[in-house]
K.L.:
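One structure follows; several queries about it will come next.
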Amino acid sequence: MAEESDLERTEQASPRRLEQAREEGQVPRSREVGAFLILIVAAAAFWLIGPWMVQRLLAVFRRGLQVDQSLAHDPSLVLLRLADVSLDGLLICAPLFVALLVAALLAPFFLGSWSFSPKALLPDLGRLDPLAGLARVFSWSGLVELLKAVAKASLLGGVAVWVLWNERDDLLAMFAQSLPAGLASAGHLLTFTFFVIVAAMSLIVAVDVPFQLWHYHDKLKMSRQELKQEGKELEGNPEVKGRIRRLQREAARKRMMAAVPMADVIVTNPTHYAVAVAYKSGMRAPKVLAKGMGEIALTIRRVAGENEIPMIEAAPLARALYRHVELDAEIPATLYAAVAEVLAYIYQLSTWRHSGGNRPLPPRTLAVLDEHLAEAGDG
């Protein structure tokens, strides 16, 4: 049961999955938004510049229907006249065409889905599979599109019938009007019809847009296993990362152990902590070359014994050095006095071994500040 739940697509798509879908050209789309925007722009254009367009087009038609003697004697001039009249007609209609083009290009922005994907332009032989095409037609999504098309046709057809019935008197009156008056009435009726259709389309858009957004995100849902796999790809396999960290720790430990023979003294506690301290010529202050607790501390003591590095038991100082000084870092000024006593004893001990005399006594009390003891703990 756990494996089945991991394979079910119950999780929302991750940002990376959404980005991949966008790169492949999969974005939320609603044809109804485009049709609605084009219709409302067309209605607004007819409302604003419709009278001007009608007057200019009438003038072009009049000029195109005028036939003078030169056209009768030279048929080639007819084509020039036709081209001239056609160009004038296109220029008059150009504002409407530009407005519709802009509306068509801006429509996808309402869903935040305008994108250009080169992958979507690549040929896909799977689209030519008739069985896959039939599966899409008879799928749940295809049924929804069919129902939506039927509802849209019924709604717009009903609106058209209502407009014709409601404006039947004005339509019949046009036949008794003069041509300019009839054209003006037809223009007003066309504009009114456009606005009514746009109002009807707004209902369709209000239903279609939420459905398309839900369908898009539902189609991109992921299973728990896919989310886990994606997390591994983004962050790296935890097992590999853990192995890398182990190798890094081992390499750091080897470098640290290689520095132990260069220490002047090993401060211990007595087995819990071990800190290798060195003070060479040219150093501003003593440095910690190696430190550790538990098994690492035992290894430091073993390497120090093999290289005859002196060790001194100073529990408070060992804990303070371990907790407050990083590897290859100088000790803080608050520990200068304690470390100086230890180094002085080591130098005296070395002198005694070479020259003889009275054996120096190890330091009994070391000047370790209270805050270091409180933070370090008893270990």
K.L.:
Are M283 and V265 grouped together when hydrophobic residues (ILVMFWY) are joined by side-chain heavy atoms under 4.5 angstrom apart?
P.N.:
yes
K.L.:
Partners of D88 by salt bridge (charged side-chain N to carboxylate O under 4.0 Å, His left out), sequence neighbours excluded?
P.N.:
R63
K.L.:
Do Y336 and L343 share a hydrophobic cluster, counting only Ile, Leu, Val, Met, Phe, Trp and Tyr and linking them when any side-chain heavy atoms are less than 4.5 Å apart?
P.N.:
yes
K.L.:
Any pair with a residue in residues 195-204 that passes salt bridge (Lys or Arg N to Asp or Glu O under 4.0 Å), sequence neighbours left out, goes on the list, sorted by first then second residue, please.
P.N.:
none
K.L.:
CD1/I49 to CD/Q55 distance, rounded to the nearest 0.5 angstrom?
P.N.:
12.5 Å
K.L.:
Determine which pairs satisfy salt bridge (Lys or Arg N to Asp or Glu O under 4.0 Å) with at least one residue from residues 247-266, sequence neighbours left out, and list them in order.
P.N.:
D264-K280
K.L.:
What residues form a salt bridge (charged side-chain N to carboxylate O under 4.0 Å, His left out) with E306, not counting sequence neighbours?
P.N.:
R302
K.L.:
May I have all residue pairs that pass salt bridge (Lys or Arg N to Asp or Glu O under 4.0 Å) and include part of residues 182-203, sequence neighbours excluded?
P.N.:
none
K.L.:
Any link between V98 and L106 through a network of hydrophobic side chains (Ile, Leu, Val, Met, Phe, Trp, Tyr) touching at under 4.5 Å?
P.N.:
yes
K.L.:
Just how far is it from atom CG of L37 to atom CE of M201, taken to the nearest 0.5 Å?
P.N.:
10.5 Å
K.L.:
Would you say T299 and M257 make side-chain contact, with heavy atoms under 4.5 Å?
P.N.:
yes
K.L.:
Hey, are the side chains of L155 and I204 touching, using non-hydrogen atoms and a 4.5 Å cut-off?
P.N.:
yes
K.L.:
Of the non-hydrogen atoms in A263 and A276, which two are nearest, and what is the gap between them?
P.N.:
CB-CB, 3.7 Å
K.L.:
Would you say V325 and P332 make side-chain contact, with heavy atoms under 4.5 Å?
P.N.:
yes
K.L.:
Checking the side chain of S202 only, and the main-chain atoms of A199 only, is there a donor and an acceptor separated by less than 3.5 Å?
P.N.:
yes
K.L.:
What closest approach, in Å, do A318 and V275 show between heavy atoms, and which atom pair accounts for it?
P.N.:
O-CG2, 3.7 Å
K.L.:
If you look at every heavy atom in V303 and N307, which pair is closest and at what distance?
P.N.:
O-ND2, 2.7 Å
K.L.:
Can you sort out the partners of K219 under salt bridge (charged side-chain N to carboxylate O under 4.0 Å, His left out), two or more places apart, ordered by chain and number?
P.N.:
none
K.L.:
For residues A45 and L96, report the shortest heavy-atom separation together with the two atoms involved.
P.N.:
CB-CD1, 3.6 Å
K.L.:
Using a side-chain heavy atom cutoff under 4.5 Å and only I, L, V, M, F, W and Y, what cluster partners does L289 have?
P.N.:
M262
K.L.:
Check each of I309, T268, I296, V260 against R301 using the side chain to side chain contact (heavy atoms under 4.5 Å, CB included) test, and report the only one that passes.
P.N.:
T268
K.L.:
Which ILVMFWY residues can you reach from L87 by hopping between side chains whose heavy atoms are under 4.5 Å apart?
P.N.:
L91
K.L.:
Please assess F61 against V85 for the test side chain to side chain contact (heavy atoms under 4.5 Å, CB included), listing each intermediate value before the final yes or no.
P.N.:
CA-CA 8 Å; F61 288 151; V85 170; 5.6 Å; no
K.L.:
Under the rule for side chain to side chain contact (heavy atoms under 4.5 Å, CB included), what residues qualify as partners of V161, not counting sequence neighbours?
P.N.:
none
K.L.:
Please list all pairs passing the salt bridge (Lys or Arg N to Asp or Glu O under 4.0 Å) test where one or both residues lie in residues 194-213, with sequence neighbours left out.
P.N.:
K148-D208
K.L.:
Group every Ile, Leu, Val, Met, Phe, Trp and Tyr by side-chain heavy-atom contacts under 4.5 Å, then state whether I300 and L327 land in the same group.
P.N.:
yes
K.L.:
Should R323 and Y273 count as side-chain neighbours, where that means a heavy-atom distance under 4.5 Å?
P.N.:
yes
K.L.:
Please check if atom OH in Y347 has more than 12 non-hydrogen atoms from other residues, nucleotides or ligands closer than 6.0 Å.
P.N.:
yes
K.L.:
Could you measure the distance from the CG atom of L321 to the CD atom of E326? Nearest 0.5 Å is fine.
P.N.:
12.0 Å
K.L.:
When you group the ILVMFWY residues by side-chain heavy-atom contacts below 4.5 Å and let the links chain together, are L90 and L100 in the same group?
P.N.:
no
K.L.:
Taking the side chain as every heavy atom from C-beta outward, state whether W52 and I92 have any pair of such atoms under 4.5 Å apart.
P.N.:
yes
K.L.:
Would you say V209 and V33 make side-chain contact, with heavy atoms under 4.5 Å?
P.N.:
yes
K.L.:
Minimum heavy-atom separation for A297 and G292, please, with both atom names.
P.N.:
CB-O, 3.5 Å
K.L.:
Among residues two or more places apart or on two chains, list those pairs meeting side-chain hydrogen bond (donor to acceptor under 3.5 Å, both in side chains) that have a residue in residues 284-298.
P.N.:
R284-E330
K.L.:
Answer whether the closest heavy-atom distance between the side chains of D328 and V288 falls below 4.5 Å.
P.N.:
no
K.L.:
Which residues pass the ring pair (Phe, Tyr, Trp, His ring centres under 6.0 Å) test with Y279, not counting sequence neighbours?
P.N.:
none
